[in-house]
Amino acid sequence: MLGIETSCDDTAAAVLYGTDIRASIVSSQDHVHSCYGGVVPELASRHHMENVLPIVDQALAQAQVGLEQLDGIAVTYGPGLVGSLLVGVSVAKALAMAQQLPLIGVNHLEGHLLAVLLEQEVDFPFLCLLVSGGHTSLYLARDWGKYERLGVTRDDAAGEAFDKGAKMLGLAYPGGRIIDRLAQHGDPQAVRFPRAHLKTGKYDFSFSGLKTALRQFLSTPERGNYRDDDIVASYQEAIVDMLIANVLRAAADLNATRVVISGGVSANSRLRHRMLTEGAQSGIQVFVPSLKLCTDNAAMIAFAGAWRLAVGQRASLQLNASATLPL
Ligand code: KG4
Ligand code: ZN
């Protein structure tokens, strides 16, 4: 199965044989967008256009397969930036048509949700905390393709909270990884940032108050008394606290014994460590994908496409990009 992923700013292609990742290439555009402090959609789609075919060729070469040996082509068709999605969808349709191969449209969020199954056996049902730059949701995965959203962010995604916080602190884009690194030298209890407790939407998330609190804190004279590493560690701790609190509450309410974390923010070392230890203390088995499967990649798209193809699903050549595709 060939997977193609171009939903945001990473151009990715992967070749899977069952759960064996024969190739997974991710071409980052961080260098293109970093000077703007965020992804510029027009630039992202232009760079996808330049990169996508060389990246597909590279994946096929590394996997040592030709297009004619594939069983199908899976492509992310939403949600994401519409111009970016269109590049992947158009290329996948053209290749599928030229080679007479099945085409499978994949929801990017399902890719993240299932990614860990490429590496570990996880029985359904499980709770999945999906935390990325564009999404923050809690799902109950009952079975393949049967997902119930229990909670969602009311404002920013967790990754945005990391990236916008990093920007306020004068750090480069994307800031999540940088905050993670700096926080390892800081005291997470140094500054007490607020945690949102929502009255409605039991498992919903909100990060805008925290972001405002950081902005206000940075403009106070008090700020001078704190080391940057301590501020960063405290800010990260507030995000992680809010994420874990919701997951553990939902797990207790639903008697869930398995939790998966996924998406770019699941690469965060503090979230991974605390989720594993606090999950174990509550009798919950926590499954964490390896770092390469947390952030955007095409292996997870090929994997989600493979099970859909196995149950007979395929897209027509009318497949279109859908910026707000729900899961
Ligand atoms: O899943 P992803 O690669 O793309 C989206 O679908 O959004 O997630 C990207 C997000 C960015 O906001 C980035 O800052 C964040 O994941 N991220 C991290 C870490 N690595 C990536 N956030 C916190 N700690 C990390 N180690
Ligand atoms: Zn993603």
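Positions are given from 1, in the same order as the sequence printed here. Every number for a ligand or one of its atoms is a count from 1 in the order of the listing.
- For ligand 1 and T295, the ligand atoms under 4.0 Å from any heavy atom of the residue are 3 (O).
- Annotation for ligand 1: atoms under 4.0 Å from non-hydrogen atoms of G176 are 14 (O), 18 (C), 19 (C), 22 (N), 23 (C), 24 (N), 25 (C).
- Residue S269 has no N or O atom closer than 3.5 Å to an N or O atom of ligand 1.
- Not counting sequence neighbours, S84 has no partner by the side-chain hydrogen bond (donor to acceptor under 3.5 Å, both in side chains) test.
- Ring centroid separation for the pair F162 and Y235 does not come in under the 6.0 Å cut-off.
- Residue L291 is found outside any hydrophobic cluster, as its side-chain heavy atoms come under 4.5 Å of no other Ile, Leu, Val, Met, Phe, Trp or Tyr.
- With hydrogens and angles ignored, the 3.5 Å screen pairs a side-chain donor or acceptor of N246 with a backbone N or O of D204.
- For ligand 1, the atoms sitting less than 4.0 Å from at least one non-hydrogen atom of G134 are 7 (O), numbered in the order shown with element in parentheses.
- Taking any N or O of E160, backbone or side chain, none lies under 3.5 Å from an N or O belonging to ligand 1.
- Every atom of ligand 1 with a heavy atom of D180 under 4.0 Å away is listed here by number and element: 24 (N), 25 (C), 26 (N).
- Below 4.0 Å from some heavy atom of H112 lie the following atoms of ligand 1, by number and element: 1 (O), 6 (O).
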Run the numbers on R177 and D30 for side chain to side chain contact (heavy atoms under 4.5 Å, CB included), then give the verdict.
-> CA-CA 12 Å; R177 233 179 356 228; D30 284 352; 3.6 Å; yes
For side chain to side chain contact (heavy atoms under 4.5 Å, CB included), just list the numbers for N297 and E5, CA-CA rounded to whole Å, side-chain angles, deciding distance to a tenth of an Å, and then say yes or no.
-> CA-CA 7 Å; N297 65 87; E5 153 65 41; over 6 Å; no
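- The OH atom of Y173 sits 5.0 Å away from atom CG of D9, with the distance rounded to the nearest 0.5 Å.
- Atom 4 (O) of ligand 1 has D296 OD2, 3.0 Å as its closest protein atom, hydrogens excluded (heavy atom only).
- N107 and Y77 share no donor-acceptor pair across their side chains, judged by distance under 3.5 Å alone.
- Remark: side-chain polar atoms of R249 are paired, donor with acceptor, to backbone N or O of K202 under 3.5 angstrom.
- Not a single ring-ring contact (aromatic ring centres under 6.0 Å, His included) links H48 to another residue, sequence neighbours left out.
- Those atoms of ligand 1 with a heavy atom of H108 less than 4.0 angstrom away are 6 (O).
- Here the protein heavy atom with the shortest distance to atom 21 (C) of ligand 1 is G264 O, 3.4 Å.
- Only protein atoms were considered; those of element N, O or S under 2.8 Å from the Zn ion (ligand 2) number 3.
- With no hydrogens or angles considered, no side-chain donor-acceptor pair links Q236 and S234 at under 3.5 Å.
- Residue G133 has at least one heavy-atom neighbour below 4.0 Å for each of these atoms of ligand 1: 5 (C), 7 (O), 8 (O), 9 (C), 10 (C), 12 (O).
- The protein non-hydrogen atom at the shortest distance from atom 11 (C) of ligand 1 is D163 OD2, 3.5 Å.
- In H135, neither the side chain nor the backbone holds a heavy atom less than 4.0 Å from any atom of ligand 1.
- For ligand 1, none of its N or O atoms has an N or O atom of D10 under 3.5 Å away.
- Tested against K211, the residues D156, D163, D155 include a single salt bridge (charged side-chain N to carboxylate O under 4.0 Å, His left out) partner, D156.
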Might you work through the salt bridge (Lys or Arg N to Asp or Glu O under 4.0 Å) test for R46 and E42, ending with a clear yes or no?
-> CA-CA 6 Å; R46 282 170 191 266; E42 176 66 21; 2.7 Å; yes
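- In the vicinity of G159, heavy-atom distances shorter than 4.0 Å reach the ligand 1 atoms 12 (O).
- For ligand 1, the polar-atom distance check finds no N/O of P174 at less than 3.5 Å from any of the ligand's N/O atoms.
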